[in-house]
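In what follows, every chain begins at residue 1, and chains take the letters A, B, ... in the order their sequences are listed.
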Amino acid sequence: MASSANSNPVPKLYRSVIEDVISEVRELFLDEGVDEQVLLELKTLWENKLLQSKAVEGFHTEEQAALQAAQQQQQQQQQVQQVQQVQQVTQPAQAQQVILPPPPQQAPQQQVIVQDSKILQHMSATGMSAAATAATLALPAGVAPYQQLITSQGQILQVVRAPNGTQYIIQQPQQQILLQQQMQPGGVQAPVIQQVLAPLQGGLPQQTGVIIQPQQIVLASGNKVQGNAQVMQAAGMAQQPGQPTTTAALVQQLQQAQGAAAPQAQPQAQAQAQQQAQPQAQPQPQTQQPPMMLQVDGTGDTSSEEDEDEEEEYDEDDEEEKDKDGGEDGQVEEEPLNSGDDVSDEEDQELFDTENVVVCQYDKIHRSKNKWKFHLKDGIMNLNGRDYVFSKAIGDAEW
Amino acid sequence: MAYQLYRNTTLGNSLQESLDELIQTQQITPQLALQVLLQFDKAINTALANRVRNRVNFRGSLNTYRFCDNVWTFVLNDVEFREVTDLVKVDKVKIVACDGKSESTQNKVDK
């Protein structure tokens with residue numbers, strides 16, 4: 001935060017407005033029977049969007065300030081933000097665990113076996129210190145617990161940071177009994193964890209990570225460790241039979257991937273499929289090609305789409321809407337022919353990056369011949385992407 | 001009833017987007033979202049009137065002006081905004097200004 005004499009009033013103002021609105025609206029939410037959690041989520045979303053817009057300088061909460069410092073150390077900013085939302089939705093009383101500097105030595109991998117059921121009894125419970133967590137989880141050296149989170153389903157997640165900056169999320173099952181029962185056979189789980197944790201220590205790509213969303217597992221970019229991280233998830237998730245169906249379906253998929261010799265192709269395909277599913281929904285279908293029509297007005301036209309597009313372009317109301325949908329299609333062909341015919345100032349509207357806007361109230365607007373004087377008040381300005389406020393503004397302009 | 005003027009600002013838009021997301025996931029009703037926005041209008045109007053105390057000067061050339069429904073809309077070019085601390089220059093700015101004299105009379109007919 002800047003400690004200069006002229007501090008920016010904008011963040012404080014925004015913060016106070018947010019607090020006012022949230023507290024005033026709390027009653028409304030309760031009257032409607034909406035949970036307080038939703039109110040907190042609204043606040044979080046609101047603040048995050050303000051942060052993302054970068055329109056305000058020095059706008060952050062205390063929690064986010066600490067997390068931002070941590071984010072800059074890690075390269076997975078998108079994933080951490082999603083994790084943050086989960087974290088902030090849950091009780092903020094959950095202590096943020098201090099980031100432990102990873103110990104430099106690397107323990108042999110066999111020591112990582114988690115088979116002792118007694119150790120597992122300590123695995124539940126919130127409020128475990130990071131050191132205790134590391135010990136009980138028998139994490140490989142260099143993988144330090146970073147944060148403890150509780151998802152909306154009540155599972156405890158352990159966010160773990162490896163020495164080269166990668167971050168993993170390990171699910172901690174809450175039920176000790178299940179753990180004991182399933183760990184006693186031992187044979188399946190332990191070697192899995194062994195296998196899983198083995199590659200963690202060597203040559204990790206820096207952008208690998210796993211995100212748990214309440215109903216989905218989304219894999220970010222990654223290489224071979226992706227498959228193993230999935231396996232880790234499957235190992236954790238297999239211990240909770242009571243999961244909702246979507247998660248169970250994913251677990252099944254993951255377990256199949258686990259069984260495969262080279263699980264890497266499948267998870268990557270799954271991740272890519274998931275990622276592709278999203279962009280596929282986004283691009284709007286291009287305009288259908290109209291039936292061919294006879295043209296009597298001259299040769300040289302490329303297609304009959306032009307007739308429709310010409311009509312659209314002359315209609316100023318439709319320009320802004322349709323041109324964005326169909327214009328990408330038709331305008332590429334048309335530009336050489338009709339680009340000079342447009343009278344509208346649609347180009348100006350398209351060209352602006354940040355439309356500089358001032359929203360305010362006027363005290364007095366005065367004009368003398370072509371000299372205008374403006375007396376304005378109580379305004380919010382967005383200039384060159386940044387926000388400003390004023391209680392009074394006086395201006396001159398010539399028309 | 002306070003001006004809804006400030007909804008199209010960074011603060012207002014981020015609030016509207018957040019509310020829209022909650023409506024999408026059906027965590028709140030559109031009616032409730034509207035109530036929140038009305039509350040926001042009140043809060044921002046009050047905050048601007050009471051908690052902000054600074055002056056800005058600006059100079060530029062007037063491209064267009066419009067006065068309709070007691071709302072002035074200007075588009076200025078090559079404008080310099082000057083505060084005590086700093087100077088901001090923009091090529092184009094749009095100013096939307098509601099009547100500051102009778103702020104709480106949005107629905108009242110002026111005589």
Side-chain angles (χ1 to χ4, degrees), chain A residues 6 9 12-14 16-18 20-21 24-25 28-29 32 34-35 38 41-50 52-53 55-56 348 352 355-363 365 370 372 374 376-384 386-399, chain B residues 3 5-6 8-11 13-15 17-19 21-22 27-29 31-32 35-36 39-40 42-49 51-63 65 67 72 74 76 79 81 83-85 88-101 103:
Chain A
N6 301 319
K12 286 189 206 142
L13 178 75
Y14 284 9
S16 71
V17 169
I18 292 179
D20 279 350
V21 171
E24 293 285 327
V25 151
L28 290 173
F29 270 57
E32 288 253 336
V34 179
D35 195 25
V38 179
E41 194 174 336
L42 172 66
K43 181 173 183 198
T44 308
L45 284 170
W46 195 1
E47 287 173 351
N48 284 344
K49 286 190 201 292
L50 280 171
Q52 283 168 17
S53 77
V56 188
D348 297 315
F352 73 83
E355 163 109 353
N356 304 301
V357 179
V358 177
V359 183
C360 58
Q361 300 173 29
Y362 60 87
D363 279 328
I365 306 292
N370 72 334
W372 289 72
F374 315 95
L376 309 170
K377 70 176 189 184
D378 297 343
I380 300 181
M381 312 194 282
N382 184 280
L383 305 173
N384 296 329
R386 290 188 41 190
D387 272 7
Y388 305 86
V389 291
F390 61 82
S391 64
K392 265 179 127 42
I394 299 188
D396 284 282
E398 248 183 60
W399 179 74
Chain B
Y3 281 131
L5 174 69
Y6 300 102
N8 187 24
T9 56
T10 314
L11 196 60
N13 281 325
S14 47
L15 177 59
E17 286 170 18
S18 308
L19 288 170
E21 281 181 31
L22 292 181
Q27 287 171 282
I28 62 173
T29 63
Q31 178 64 22
L32 183 59
Q35 297 291 325
V36 175
Q39 194 59 47
F40 167 77
K42 280 191 221 162
I44 189 70
N45 273 281
T46 314
L48 281 173
R51 288 189 217 134
V52 185
R53 286 277 171 262
N54 61 327
R55 269 183 65 150
V56 166
N57 289 316
F58 62 95
R59 179 175 296 274
S61 49
L62 186 62
N63 186 314
Y65 57 88
F67 184 62
W72 277 104
F74 304 104
L76 279 73
V79 196
F81 287 86
E83 207 166 345
V84 179
T85 49
V88 181
K89 291 195 193 180
V90 295
D91 289 338
K92 175 182 167 193
V93 65
K94 174 191 273 198
I95 302 182
V96 179
C98 287
D99 195 349
K101 277 166 279 190
E103 192 240 305

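- When heavy atoms are compared at a cutoff of 4.5 Å, A:Val34 approaches chain B solely by way of its side chain, counted from C-beta outward.
- Only the side chain of B:Leu76 comes within contact range of chain A, with at least one heavy atom under 4.5 Å from a heavy atom of that chain.
- Interface remark: A:Ile394 contributes backbone and side-chain atoms alike to the contact with chain B (heavy atom separation under 4.5 Å).
- For the set A:Leu376, A:Asn384, A:Val359, A:Val21, the entry with the most heavy-atom pairs within less than 4.5 Å of chain B is A:Val359.
- Residue contact with chain A, scored on non-hydrogen atoms closer than 4.5 Å, involves the backbone and the side chain of B:Val36 alike.
- Contact tally against chain B (heavy-atom pairs below 4.5 Å) for A:Tyr362, A:Trp372, A:Phe390: the top residue is A:Tyr362.
- Proximity to chain A (any heavy atom under 4.5 Å) is shown, for B:Lys42, by neither the backbone nor the side chain.
- Chosen from A:Val17, A:Asp35, A:Asn370, the residue pairing most often with chain B at heavy-atom distances under 4.5 Å is A:Val17.
- Side chains of A:Ser391 and B:Arg55: no donor on one and acceptor on the other come within 3.5 Å.
- Interface remark: B:Thr10 contributes backbone and side-chain atoms alike to the contact with chain A (heavy atom separation under 4.5 Å).
- Between the side chains of B:Ser18 and A:Trp46, no donor N or O sits under 3.5 Å from an acceptor N or O.
- You'll find the side chain of A:Val357 stays beyond 4.5 Å of the side chain of B:Val93, heavy atoms only.
- Looking at A:Leu42, both its backbone and its side chain come within 4.5 Å of chain B, counting heavy atoms on both sides.
- Residues B:Asn8 and B:Asn13 have side chains that bring a donor and an acceptor to within less than 3.5 angstrom of each other.
- Proximity to chain A is absent for every atom of B:Thr46, based on heavy atoms less than 4.5 angstrom apart.
- Every ring-ring contact (aromatic ring centres under 6.0 Å, His included) that B:Phe67 has, sequence neighbours left out, goes to B:Trp72.
- B:Phe81 meets the ring-ring contact (aromatic ring centres under 6.0 Å, His included) test with B:Phe58; sequence neighbours excluded.
- Taking the side chain as every heavy atom from C-beta outward, B:Gln27 and B:Leu19 never approach each other to under 4.5 Å.
- Using a 4.5 Å cut-off between heavy atoms, A:Asn382 touches chain B through its side chain atoms alone.
- Using a 4.5 Å cut-off between heavy atoms, A:Asp387 touches chain B through its side chain atoms alone.
- Only the side chain of A:Ser53 has a heavy atom closer than 4.5 Å to any heavy atom of chain B.
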